[in-house]
Amino acid sequence: MSRIGKKAVTVPAGVTATIEGKQMTVKGPKGSLNLALRDEIKYTVEDGGISVQPANDSKQARAFWGMQRTMVQNLVTGVTDGFTKKLLITGVGYRASAQGRKLKLQLGYSHDVDIDVPEGIEVKTPDQTTVEISGADKQKVGQLAAEIRRWRKPEPYKGKGIKYDGEFIFRKEGKKK
């Protein structure tokens, strides 16, 4: 039994959820998001909430139950509050700047790294060593943050690289003389 799946997803005022065929659409102040519905799960939109229940007693239905409820919750949270990831850049000469729909990174390579920002995602650089990624779709925000971090992962000796805000980098001691 899924403990998470048992709870209904509350839909706040100003947010509408509709089910049409195999698609759930949630509309709110930050935009509109869609979710492809699984056959193993039964979704019902009630007044003030969305209920997610397994359609049968199969092992597969129970396995999808909690995750599908979490995905519905992420849709509702995304259209009301949105999601944000913050990246910190550490290193001499490492910096970032947002220019329209592009993010320009200088990470010690012989060339600058230009990253295209997808639709629905907003990238801000409050200073040269901080990148804030925000948007309604949790998957897109996390994917863009991971792609940016992949260019220069933090190394354990000096801690140089791109890390998530709040991430702990296990530091190693250098060579002994």
Side-chain angles (χ1 to χ4, degrees), residues 2-55 61 63-89 95-105 112-152 162-167:
S2 174
R3 292 185 200 158
I4 294 172
K6 287 181 189 177
K7 299 177 187 170
V9 177
T10 58
V11 178
V15 176
T16 59
T18 56
I19 296 174
E20 296 169 3
K22 299 264 183 210
Q23 197 85 1
M24 178 183 287
T25 304
V26 180
K27 293 179 182 162
K30 296 242 180 192
S32 174
L33 293 174
N34 296 322
L35 174 69
L37 303 180
R38 305 273 322 180
D39 292 331
E40 297 91 350
I41 306 296
K42 181 174 64 179
Y43 308 83
T44 53
V45 178
E46 302 154 349
D47 54 317
I50 302 169
S51 176
V52 179
Q53 297 294 326
F64 284 122
W65 184 14
M67 184 65 186
Q68 288 298 308
R69 189 260 181 211
T70 303
M71 291 176 78
V72 170
Q73 177 67 53
N74 287 342
L75 293 182
V76 173
T77 306
V79 296
T80 54
D81 302 330
F83 295 98
T84 302
K85 288 265 188 192
K86 189 173 178 183
L87 298 171
L88 304 175
I89 302 173
R95 54 185 164 266
S97 63
Q99 299 170 342
R101 300 293 307 158
K102 285 198 179 284
L103 178 68
K104 182 178 234 112
L105 300 171
D112 291 348
V113 176
D114 290 331
I115 297 174
D116 293 323
V117 178
E119 282 298 317
I121 303 290
E122 185 180 331
V123 175
K124 291 186 222 164
T125 50
D127 56 48
Q128 292 184 335
T129 60
T130 307
V131 178
E132 290 180 357
I133 305 162
S134 58
D137 192 347
K138 186 174 187 177
Q139 196 277 329
K140 284 184 181 178
V141 170
Q143 182 67 36
L144 182 62
E147 287 173 5
I148 293 170
R149 184 180 185 272
R150 192 181 69 205
W151 278 98
R152 190 66 90 176
I162 303 173
K163 68 175 188 165
Y164 296 111
D165 188 25
E167 179 183 11

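Every value quoted in this text rests on a predicted model; they were computed, and no experiment measured them.
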Exercise. Under 4.5 Å between any side-chain heavy atoms of I50 and M24, yes or no?
Worked result: yes
Exercise. Tell me, which pairs form a salt bridge (Lys or Arg N to Asp or Glu O under 4.0 Å) where one or both residues lie in residues 66-83, sequence neighbours left out?
Worked result: none
For this session: Answer yes or no: is there a donor N or O on one side and an acceptor on the other, between the side chain of R101 and the main chain of P118, under 3.5 Å?
Result: yes
Exercise. If only atom types and distance count, is the side chain of W65 paired as donor or acceptor with the main-chain N or O of I41 below 3.5 Å?
Worked result: no
Exercise. If you measure from CG on L75 to CG on D137, what distance do you get to the nearest 0.5 Å?
Worked result: 8.0 Å
Problem set entry | Residues which pass side chain to side chain contact (heavy atoms under 4.5 Å, CB included) with D165, listed by chain and number, not counting sequence neighbours | K86, L88
Exercise. By side-chain hydrogen bond (donor to acceptor under 3.5 Å, both in side chains), which residues pair with E147, not counting sequence neighbours?
Worked result: Q143
For this session: For the residue pair V123 and L144, establish whether any side-chain heavy-atom pair is separated by less than 4.5 Å.
Result: yes
For this session: Please identify each residue that fulfils side chain to side chain contact (heavy atoms under 4.5 Å, CB included) with V15, with sequence neighbours left out.
Result: V11, P12, V26, P29, V79, T80
Seminar exercise, completed: Contacts of K102 meeting salt bridge (charged side-chain N to carboxylate O under 4.0 Å, His left out) (sequence neighbours excluded), chain-then-number -> D116
Exercise. For the atom pair CD (E132) and CG (L87), what is the distance rounded to the nearest 0.5 Å?
Worked result: 9.5 Å
For this session: Measure the shortest side-chain to side-chain distance between I148 and I133 over non-hydrogen atoms and say whether it is less than 4.5 angstrom.
Result: yes
Exercise. Does NZ belonging to K138 count more than 12 external heavy atoms closer than 6.0 Å?
Worked result: no
Exercise. Who are the side chain to side chain contact (heavy atoms under 4.5 Å, CB included) partners of S134, not counting sequence neighbours?
Worked result: T84, E122
Exercise. Under the side chain to side chain contact (heavy atoms under 4.5 Å, CB included) test, which residues partner T70, sequence neighbours left out?
Worked result: I4, N74
For this session: Tell me, please, which residues at least two apart from T129 pass side-chain hydrogen bond (donor to acceptor under 3.5 Å, both in side chains).
Result: D127
For this session: Report the residues that fulfil side-chain hydrogen bond (donor to acceptor under 3.5 Å, both in side chains) with E167, sequence neighbours left out, ordered by chain and then residue number.
Result: R149
Exercise. About how many Å separate CG of L33 and NZ of K140, when rounded to the nearest 0.5 Å?
Worked result: 8.5 Å
For this session: Not counting sequence neighbours, which residues clear side-chain hydrogen bond (donor to acceptor under 3.5 Å, both in side chains) with T44? List them please.
Result: none
For this session: Sorted by first residue and then second, give each side chain to side chain donor-acceptor pair (under 3.5 Å) pair with at least one member in residues 28-39; sequence neighbours left out.
Result: K22-D39, T25-N34, R38-E40
